[in-house]
Trainee: 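After the structure tokens below, expect a handful of questions from me.
Since the model is a prediction, treat every value here as computed from it, not as a measurement. Note on naming: letters A, B, ... go to the chains in the order of the sequence lines (proteins, then strands), and numbering restarts at 1 for each one.
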Protein chains: 2
Amino acid sequence: MKKILNEPLAYVDEMLDGLCLAHPDVYRRAGESGRVIARAAPAREGKVGVVSGGGSGHLPLFTGYVGTGLLDACAIGNVFAGPTVGDCIDAMREADHGAGVLRLYGNYGGDRMNFDMAGELAELDGLESTTVLVTDDVASASAQESAKRRGVAGVVYAYRFAGAKAEQEGASLADVTAVARKAVAGCRSIGVALTPCIVPEVGKPGFTIDDGEIEMGMGIHGEPGLWRGPLKRADALVQEMLERLLSDLDTARGERVSVLVNSLGATPYEELYIVFRAVARELQTRGLQIVQPLVGRYATSMEMTGVSLTIQRLDSELEWLLHAPAVSPFWRA
Amino acid sequence: MKKILNEPLAYVDEMLDGLCLAHPDVYRRAGESGRVIARAAPAREGKVGVVSGGGSGHLPLFTGYVGTGLLDACAIGNVFAGPTVGDCIDAMREADHGAGVLRLYGNYGGDRMNFDMAGELAELDGLESTTVLVTDDVASASAQESAKRRGVAGVVYAYRFAGAKAEQEGASLADVTAVARKAVAGCRSIGVALTPCIVPEVGKPGFTIDDGEIEMGMGIHGEPGLWRGPLKRADALVQEMLERLLSDLDTARGERVSVLVNSLGATPYEELYIVFRAVARELQTRGLQIVQPLVGRYATSMEMTGVSLTIQRLDSELEWLLHAPAVSPFWRA
């Protein structure tokens, strides 16, 4: 394992320390365990809170998206392991500004169980909350079973829309929840992996991919994808991925969409822009208008090589929210 | 070679296409060959121009730093190969707003030769220009031969300061050149590489590093470093790197510095923040005040694994310029 770290068991806490030391105006460690990141700057009283959570090893996800116009707080687990119930409750408390809290996170069993329990316990304390699960990964279940789909990079759009809506004076928990639901309903992602990554506490890859082979549809923790086969040309990969996304989303000519070309970690900017070029050409052919594309590292699996594509359908409200102010070292638009 | 691309020979041009398609408000392809990136938005008439150039394969360097408060134009070569004389001239013409042009780039023989020739040819056309070479890599030559040092990630600071100075009404070519000289004089970098990268047209790594070994001081094209040996703990690596940087820079307690913790490509954010934590602690012990640290991918070698540290000494002018407005998808501060 060739990683720059001190102790594998200290990986998450030292990373969180570094994050807060580097960006003290944005992030603050919170919660009894220190495994909650909350905003450093106080939010408006009466604002709806937006919380998320998930395992470590996906920076900028999930923690990086705490900030104005984004999340209020985030509960963080070990690498590829969900946060504890206690951390989920602490994150909800940090996000409570008197108008209720939206729990917004990717659809993974462990996260759901703990956030559900946290929601019930917080309710006993009088804290109203709702849940929206992000289910953008089209490779993880069929359209008929779309509620079973996992959440991947599309969670970034959901954070952005719900977070921006919650900053609006007068926005209720129902309003913010509705925006998050609309975002998720219009969002689809798919990834292709070229090489695996290593969980520091394990010290070796959890799976392998042969030289020259790729896995289409692999999940961000190495969950099995749709097919394994030889590496294809960038244009061919993009065509297959877009076909899977757009047929599932059922887009029509003239629609406006945002696009996220995301490095799973090691894949460099050069390749992301070669991929974006193919995406832009293909979407133009299909009569779709790209609004504010995102190209970079938004949802990673540490040093995994590969790329994911996300298509986010926009309406006038979502397009407005996409451009609303946001403060985060990881949101640049 | 596991890279997402179409044709190795089309790598650079498709990357540039994608960059301009993704950020049409920032970048525009220019020059006879199309291997110049210029600003999409017109600059102020009477503004000093700032140009750079270099090989591809280092995104966001060099091209990514074209934008308001940064570069006016950049000439781009093939992967790890300098730009042509013609492209250097075209970049200078794009940057000419009537007040002269600063040529600001890393100290590499090929780049220097071509930019010097371009400067002479442009002078025949009446275009006044100056040169500042960035020489921040302490591992590439001794302090006694510091003029021989190569330029690495520190070039980003030089772009930022010179670019922001040039936006100021009334700033002359001499003023902008002086700021760039001051920036370079106060900047030191060193990198440590864990795994190599692959030039697409070659298809295999240009060098190897054994499992469990690292190379301290390796250059961004794989130039030999100071020593090769077993991977150390992050804190020990940082201590050695900072000792080399700060003894060379001869900092005193109470000084204000900016710090760039840069991924050479594949090294993930998690490790960068573990490194930043060590940097912050060590600089605090030494009585140095960190201003606006940068943590991320600023100067890469595609998918190389490793990290570089840059220390930039600040005075009140440079600190002001660091916070001046800038528009670029890759500058976030």
Trainee: Which bit of B:S301 comes within less than 4.5 Å of chain A, counting heavy atoms only: side chain, backbone, both or neither?
Mentor: neither
Trainee: Establish, from distance only, whether the side-chain atoms of A:S52 and A:Y159 form a donor-acceptor pair under 3.5 Å.
Mentor: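 Indeed, the side chains of A:S52 and A:Y159 share at least one donor-acceptor pair under 3.5 Å.
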Trainee: Could you have a look at A:M15, A:E14, A:M304 and say which one has the most heavy-atom pairs with chain B under 4.5 angstrom?
Mentor: A:E14
Trainee: Is B:H23 close to chain A through its backbone or its side chain, or both, or neither, when contacts mean heavy atoms under 4.5 Å?
Mentor: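 The answer is the side chain of B:H23.
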Trainee: Who wins among A:L231, A:D13, A:L272 for the most heavy-atom pairs under 4.5 Å with chain B?
Mentor: A:L231
Trainee: Side-chain contact test, heavy atoms from C-beta onward, threshold under 4.5 Å: evaluate it for A:F330 versus B:Y269 and give yes or no.
Mentor: yes
Trainee: Quick one: what part of A:M1 sits under 4.5 Å from any heavy atom of chain B, side chain, backbone, both or neither?
Mentor: backbone
Trainee: Can you tell me which portion of B:A22 sits under 4.5 Å from chain A's heavy atoms? Options are side chain, backbone, both or neither.
Mentor: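 Both parts, heavy atoms under 4.5 Å.
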Trainee: Under a 4.5 Å cutoff for heavy-atom pairs, which residue among A:T195, A:N6, A:L21 has the most contacts with chain B?
Mentor: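 Maximum pair count with chain B is reached by A:N6.
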Trainee: Check the pair B:S258 / B:Y157 against side chain to side chain contact (heavy atoms under 4.5 Å, CB included), numbers first and verdict last.
Mentor: CA-CA 9 Å; B:S258 186; B:Y157 282 112; 2.7 Å; yes
Trainee: Counting only non-hydrogen atoms closer than 4.5 Å, does B:L264 touch chain A with its backbone (N, CA, C, O), its side chain (CB onward), both, or neither?
Mentor: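 It is neither, since no heavy atom gets under 4.5 Å.
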Trainee: Chain B contacts: which residues in residues 197-207 of chain A have a non-hydrogen atom closer than 4.5 Å to it?
Mentor: none
